[in-house]
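Notes for the one structure printed next.
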Amino acid sequence: MDMEQRYQDRLKRYTTALRNGKPDMIPIRPFVAEFAAKYAGFTCQEVTHDFNKAFEAARKCAADFDWDAVVGNMVYVWTGLTQAIGLKYYGVPGIDVPPNTGFQYREPSEDNAHMREDEYPLLIEDPTGFLFNVWLPRVSADVVAPGAPATFRNNLSFLKGGMAMMNYFGGFVTQAAQLRAESGTPGAIAGILKAPLDILGDKLRGYMGLTMDLLVRRDEVLKACEALMPHLLWVALSGADVEKNVPITIWMHRGCVPFVSKDVFDQIYWPTLKPIIEEIWAKGHQVLFYAEGDWGAHLDAFSELPEGSIIYHVDRGDIFETHRKIGHKFCLSGGIPNYLLGVGTPDEVRGYCKKVIDGVARDGGYVMDASAIIQDDAQIENVRAMTDFTREYGVY
Amino acid sequence: MKAMDTNQPIAPNRKPGVCISWEDKRRELGEIKGDAELVRKIWEDVDALGYVYIWHCLVSF
């Protein structure tokens, strides 16, 4: 088949489902990360440290599996870049962890948080200045704080880091064109968003520090989240699909019960995220809620959003309950347990896919995917079973 | 004219997409003999790359 025609057919199938419509068949869009390395014969070190190998692995998967959309590199973190900047918080495959272990994120102890508890006013006053002048010197082994003597490694960090980032981001453009030409596969997502409270916990105060702050300085936490909002919106829109076909993705981490109380979600997490989603939607972009873990306690809040404004990805939540509560407004994706792809049999995978398709996809508005990002524990025959069964059984 | 201290790091009310605002840069330049609008646009476009860098360090990496 003509690759461009295949691309257009897949894009239409995928975007119809994203808008909660009923395409010709269920689109398949697995977020394959280290699985792609395993399939293509690379180590985790190779695809994490050499993004061209990660791109190659993604293209090989796209060519060999009948998938309707893929991410150009779902491993995403390129440790060549993080090393150029001198970032200290990654465990790099082949250096800090074995070459066939995926990269790790090292959260500092409470005493060594990247932002101290008394620095909220600085962050609130000038988030960008805080990142350059306080945060980056702490998270980088090479960057020195203003006032300290300039160093060769400091200067080189910005030069190498900036050029490496442009090189990497530019690589995604080429990758998208190659995926289109070689296998007729559209990109699945464009643009990145994190919730203000998640950023505060993940990269600034650490989860433990943040939970203490929520007890003793909640007002400052709220003000910090409010200060981060316009910047996170800007970053999200800056990477969005200019054609407005595929969604910006929010990677949702620890803003849900039981990581935080329902009060914290209701009073801080959601009031500082919802306006961002509404603004993105007002500009014509959907947001893929990649709801890692179980966000079932917050479905009522999500249902406040305008119809079609988000796609809700189910990880550990109950996909059938999710469909009952918000499926009339939003497309769902995911819900196939990763453990099943790892230790189950192809028959078990087919059985679970049938259960999900029967339960949530009968009227469209569903995209087939695993619950979480697919790593190298997934068996190739199980991912193939998920793909082939969906293609056969998922025809409308 | 007294030279500005360009090492001053904190600029309250720094907007999204901005590291060093055009207003601040404009004060350094004095008279612009050619197309001021072109100078402004290119300054802001390139300045935004610095913003993209630091915020992607935070959000993406």
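Hydrogens, waters and symmetry mates are skipped; everything else that's a heavy atom, side chains included, is used. Proteins come first, then strands; the chains are lettered A, B, ... in the order of their sequence lines, and each starts at number 1.
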>> Please rank A/Val77, A/Asp198, A/Ile85 by heavy-atom pairs under 4.5 Å with chain B and give me the top one.
In response: A/Ile85
> Which region of A/Leu136, side chain (C-beta onward) or backbone (N, CA, C, O), has a non-hydrogen atom less than 4.5 Å from a non-hydrogen atom of chain B, or is it both or neither?
Replying inline: side chain
> Just how far is it from atom NZ of A/Lys160 to atom CE of A/Met165, taken to the nearest 0.5 Å?
Replying inline: 14.0 Å
>> Are B/Tyr51 and A/Trp234, when compared by the centres of their aromatic rings, separated by less than 6.0 Å?
In response: yes
>> If we ignore hydrogens and angles and just use 3.5 Å, is the side chain of A/Thr79 paired with the main-chain N or O of A/Thr82 as donor and acceptor?
In response: no
>> Can you classify the ring geometry of A/Tyr89 versus A/Trp135 as parallel (below 30°), tilted (30 to 60°) or perpendicular (above 60°)?
In response: tilted
> Looking at A/Leu197, A/Val287, A/Ile268, A/Leu193, which hits side-chain contact (heavy atoms from CB on, under 4.5 Å) with A/Leu273?
Replying inline: A/Leu193
>> Need one label for A/Leu233: side chain, backbone, both or neither, based on atoms under 4.5 Å from any heavy atom in chain B.
In response: neither
>> Less than 4.5 Å to any heavy atom of chain B: does that hold for the side chain of A/Phe103, its backbone, both, or neither?
In response: neither
> In terms of heavy-atom pairs under 4.5 Å with chain B, which of A/Phe158, A/Phe169, A/Trp251 leads?
Replying inline: A/Phe169
> Between A/Tyr76 and chain B, which part of the residue has a heavy atom less than 4.5 Å away: side chain, backbone, both or neither?
Replying inline: both
